[in-house]
J.: 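I am attaching a structure below and will ask some questions about it afterwards.
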Number of protein chains: 2
Amino acid sequence: MPTPSSSSTKNSCNSLDFERPSTTVDVVMFAVRDGRLHVLLVKRADTPGEPFPGQWALPGGYIDVLKDEDLEACALRKLKEKTGVVSPYLEQLGSWGSKTRDPRGWHSTHAYFALLPTASVITPVSGANASEADWIPIVGKGVSHKLAFDHQTILEAAVARLRNKVEYTSLPAFLLPETFTLSELQTAFETVLGRELDKSSFRKRVEDAELVVALKNKFREGSNRPAQIYKLRSKTAPVFFPRAIGDSKSRAAK
Amino acid sequence: MPTPSSSSTKNSCNSLDFERPSTTVDVVMFAVRDGRLHVLLVKRADTPGEPFPGQWALPGGYIDVLKDEDLEACALRKLKEKTGVVSPYLEQLGSWGSKTRDPRGWHSTHAYFALLPTASVITPVSGANASEADWIPIVGKGVSHKLAFDHQTILEAAVARLRNKVEYTSLPAFLLPETFTLSELQTAFETVLGRELDKSSFRKRVEDAELVVALKNKFREGSNRPAQIYKLRSKTAPVFFPRAIGDSKSRAAK
DNA sequence: TAAGATAGTTGCATAATACCACGAACCGTG
DNA sequence: CACGGTTCGTGGTATTATGCAACTATCTTA
């Protein structure tokens with residue numbers, strides 16, 4: 001993760017030029033491990049002079065104007081560097097920028113969030129060039145660590161967005177391996193949602209939306225009655241259900 | 001709208017420093033004029049050397065690291081400069097950044113979209129310091145002009161987002177003056193949606209969501225039967241309806 | 001072979017909307 | 001001052017996707 005070598009306070013030049021804010025890209029990467037939702041966080045270097053040394057932060061960093069063609073390419077690069085995954089579900093989350101969010105001066109960040117299939121999580125973290133990294137479980141609105149910068153805010157926004165979208169999209173499907181049973185799919189929804197769902201309703205919904213395709217003669221065996229194995233009809237495009245799941249009371253903002 | 005005085009190709013300094021992308025904020029401002037949805041566009045200066053001279057573009061420009069506290073403040077500043085409106089509905093739309101979207105080099109922009117009440121549109125455009133500006137009608141997915149940079153893409157994203165949100169939120173209410181009749185409210189929805197709605201369903205929806213409050217003994221007179229006048233229960237917070245409007249077929253992406 | 005567990009189905013209740021029809025209040029005209 | 005025309009406002013049934021509950025099916029384990 002690149003870092004400006006001059007971490008001096010102001011980076012404007014002799015400047016008739018406008019002083020320009022620094023720009024970063026951060027990625028909130030979600031995955032399910034042993035039935036719980038996790039985020040990938042990195043521990044910042046303990047170098048003095050660097051802001052928030054030794055603190056947990058979202059993976060990300062400065063845009064490389066030579067390597068990165070555009071914002072999404074930059075996010076994908078960081079994703080690949082950290083997890084090795086090349087084409088996960090990736091969505092722009094929003095951007096945060098202010099005078100004060102980074103002690104080095106005006107910074108803005110473009111935040112993305114990604115959903116990684118469980119398979120790829122087995123490669124937990126290559127201890128790459130950068131510092132430590134680990135999967136941290138989501139607790140409540142975020143995570144039980146203090147995060148660097150405004151990453152707490154960003155993470156909470158990502159969790160809120162994901163939880164909200166579960167209500168009417170098929171996003172949790174992207175947290176599963178290529179093939180899965182309907183029970184596993186339902187569990188993924190429940191994990192993200194933090195609440196149990198009715199089996200019958202869930203299956204009708206999935207069926208009517210034509211989200212999945214049954215694999216002929218493929219069954220998950222070993223645990224009692226064998227379960228039909230399915231795959232997604234579209235590996236990349238999420239499905240939008242006609243109505244939100246859950247009772248109208250539980251739904252609220254954004 | 002500020003512009004870097006050195007419009008030379010590269011703006012990195014002597015630089016051990018990382019070369020950093022330029023950052024702008026653009027605002028898609030919507031309003032309803034004589035029954036049609038409009039956007040505010042500005043004509044770029046005809047200065048040679050400037051990219052896209054004389055072309056229509058979204059209002060926006062570079063972040064002022066001295067004046068702007070954060071991104072939203074920057075968007076609000078531009079809104080006020082162009083329209084005089086100080087507290088409209090404002091929502092972050094997304095960000096676009098790439099090596100090629102601005103011929104001067106790596107640029108990224110933070111895009112917002114705003115909904116302005118019809119009253120404030122009477123002040124169409126102060127010909128302020130900058131160049132020409134005008135309200136342009138939305139046709140189809142966007143506007144029938146060629147726009148500078150990737151502003152066509154951004155505008156289309158804004159229109160799509162607005163149209164999508166009409167289905168399940170009360171956003172069009174922010175396009176109306178403080179007080180209005182239910183018919184006017186419905187018309188605002190229809191204007192944005194581009195399709196007619198059933199009166200009975202619409203009113204039940206609005207009623208159940210407790211979106212509006214009736215003003216006792218206030219009626220719009222002059223046109224046949226007087227109509228009850230209402231105001232929003234909350235001037236700032238949108239309401240989320242329990243289900244999407246319209247038949248499930250018409251609904252599709254994002 | 002019976003008990004337990006997971007998979008999968010069926011039927012009725014519910015909630016918010018679509019669709020259609022009607023009543024209410026005001027405006028113009030003759 | 002009756003009467004058609006227009007806009008405002010409401011009420012009734014149909015539709016659709018979900019919630020909820022009971023039931024059957026198939027395998028494992030003892």
Side-chain angles (χ1 to χ4, degrees), chain A residues 35 166-170 176 179-190 193 195-230 239-252, chain B residues 35 166-170 176 179-190 193 195-230 239-252:
Chain A
V166 179
E167 301 275 348
Y168 59 96
T169 72
S170 63
L176 293 178
T179 64
F180 48 83
T181 67
L182 288 187
S183 294
E184 289 162 354
L185 182 61
Q186 181 174 343
T187 302
F189 273 73
E190 292 170 339
L193 212 46
R195 151 170 69 96
E196 300 214 324
L197 296 175
D198 177 70
K199 187 169 40 165
S200 171
S201 313
F202 181 80
R203 288 162 112 99
K204 269 181 243 159
R205 233 165 92 99
V206 169
E207 167 96 8
D208 291 350
E210 298 185 316
L211 174 61
V212 296
V213 182
L215 300 181
K216 299 220 177 216
N217 305 329
K218 289 273 220 168
F219 292 90
R220 167 106 349 127
E221 321 223 356
S223 68
N224 307 319
R225 176 172 173 177
Q228 173 68 55
I229 293 189
Y230 294 84
V239 157
F240 291 76
F241 297 104
R243 291 189 197 163
I245 210 172
D247 43 20
S248 34
K249 281 150 272 168
S250 63
R251 269 170 276 145
Chain B
V166 179
E167 301 275 349
Y168 59 94
T169 72
S170 63
L176 293 177
T179 64
F180 48 83
T181 66
L182 288 187
S183 296
E184 289 163 352
L185 182 61
Q186 182 174 342
T187 301
F189 272 74
E190 291 169 339
L193 212 46
R195 150 169 71 94
E196 300 214 322
L197 296 175
D198 177 71
K199 188 169 41 166
S200 174
S201 312
F202 181 80
R203 287 162 112 99
K204 269 179 233 157
R205 231 166 92 99
V206 169
E207 166 97 7
D208 291 350
E210 299 186 317
L211 174 60
V212 296
V213 183
L215 301 181
K216 299 221 177 215
N217 306 329
K218 288 273 220 168
F219 292 91
R220 166 106 350 125
E221 321 223 357
S223 68
N224 306 320
R225 175 171 175 178
Q228 174 68 56
I229 294 189
Y230 295 83
V239 157
F240 290 75
F241 297 104
R243 292 190 196 163
I245 209 172
D247 43 20
S248 34
K249 283 150 272 169
S250 64
R251 268 169 277 144

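In what follows, every chain begins at residue 1, and chains take the letters A, B, ... in the order their sequences are listed.
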J.: Please confirm whether the shortest side-chain N or O distance from B:Ser201 to OP1 or OP2 of C:dA18 is below 4.0 Å.
T.: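 So the side-chain polar atoms of B:Ser201 do come within 4.0 Å of the phosphate oxygens OP1 or OP2 of C:dA18, strictly under.
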J.: Should A:Ile245 and A:Arg195 count as side-chain neighbours, where that means a heavy-atom distance under 4.5 Å?
T.: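 Touching, per the 4.5 Å side-chain cut-off.
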J.: A:Phe219 CZ to C:dG8 P: how many Å, rounded?
T.: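 So the CZ-P distance, A:Phe219 to C:dG8, works out to 8 Å.
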J.: OP1 or OP2 of C:dA5 versus the side-chain N and O atoms of A:Arg225: is any pair under 4.0 Å?
T.: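 No, because none of the side-chain N or O atoms of A:Arg225 sits under 4.0 Å from OP1 or OP2 of C:dA5.
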J.: If you assign each of A:Gly222 and A:Asp208 to its closest nucleotide in DNA chain D, which residue comes earlier from the 5' end?
T.: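 Its nearest nucleotide being more 5', the pick is A:Asp208.
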J.: Are A:Arg243 and D:dT18 close enough that a side-chain N or O sits under 4.0 Å from OP1 or OP2?
T.: no
J.: Give a yes/no answer on whether the side chain of B:Ser183 brings an N or O atom under 4.0 Å of OP1 or OP2 in D:dC8.
T.: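 Affirmative; the distance criterion is met.
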J.: Taking the nucleotide of DNA chain C with the nearest heavy atom to each, does A:Glu184 or B:Arg205 sit closer to the 5' end?
T.: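 Result: A:Glu184.
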J.: Using whole Å, what does the distance between atom C1' of nucleotide C:dT6 and atom CZ of A:Arg220 come to?
T.: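 Those two atoms, CZ and C1', are 13 Å apart.
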J.: I'd like to know if B:Ser200 reaches the base of D:dG9 with its side chain such that a donor and an acceptor end up less than 3.5 angstrom apart.
T.: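 Per atom types, no contact qualifies.
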J.: Using OP1 and OP2 only, check whether a side-chain N or O of B:Ser223 sits under 4.0 Å from D:dT7.
T.: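 Negative; the distance criterion is not met.
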J.: I want to verify a distance call: between C:dC26, C:dG8, D:dT26, whose nearest atom is closest to the A:Ala227 side chain?
T.: C:dG8
J.: Atom CZ in B:Phe180, atom CD in B:Gln186: separation rounded to 0.5 Å?
T.: 13.0 Å
J.: Rounded off to whole Å, could you give me the CD-to-C1' distance for the A:Glu190 and D:dG19 pair?
T.: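 From A:Glu190 CD to D:dG19 C1': 14 Å.
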J.: Any N or O donor-acceptor pair under 3.5 Å from the base of C:dG11 to the side chain of A:Lys204?
T.: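 Counting by modelled atom types and ignoring angles, a donor-acceptor contact under 3.5 Å is found here.
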J.: Rounded to whole Å, please give me the gap between CZ in A:Phe241 and P in D:dG19.
T.: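 The answer, rounded to whole Å, is 11 Å.
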J.: In terms of relative ring orientation, are A:Phe240 and A:Tyr168 parallel, tilted or perpendicular, with 30° and 60° separating the classes?
T.: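 Aromatic pair A:Phe240/A:Tyr168 classed tilted.
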J.: Figure out the CG/P separation between A:Leu197 and D:dA21, and round it to whole Å.
T.: 15 Å
J.: Check the distance between C:dT17's C1' and B:Leu193's CG and give it to me in whole angstrom.
T.: 14 Å
J.: Just how far, in rounded Å, is C1' of D:dT16 from CD1 of A:Ile245?
T.: 16 Å
J.: Could you state the atom-to-atom distance from CG of A:Asp198 to C1' of C:dT9 in whole Å?
T.: 12 Å
J.: For the side chain of B:Gln228, starting at C-beta, report the closest nucleotide among D:dC20, C:dG8, D:dG9.
T.: D:dG9
J.: Taking A:Leu215's backbone N and O only, do any of them form a donor-acceptor pair with A:Gln228's side chain (distance below 3.5 Å, no angle check)?
T.: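 Such a contact is found between A:Gln228 side chain and A:Leu215 backbone.
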J.: Quick one: does any side-chain atom of B:Arg243 pair with a main-chain N or O of A:Pro242 as donor and acceptor, under 3.5 Å?
T.: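 It does not hold such a pair.
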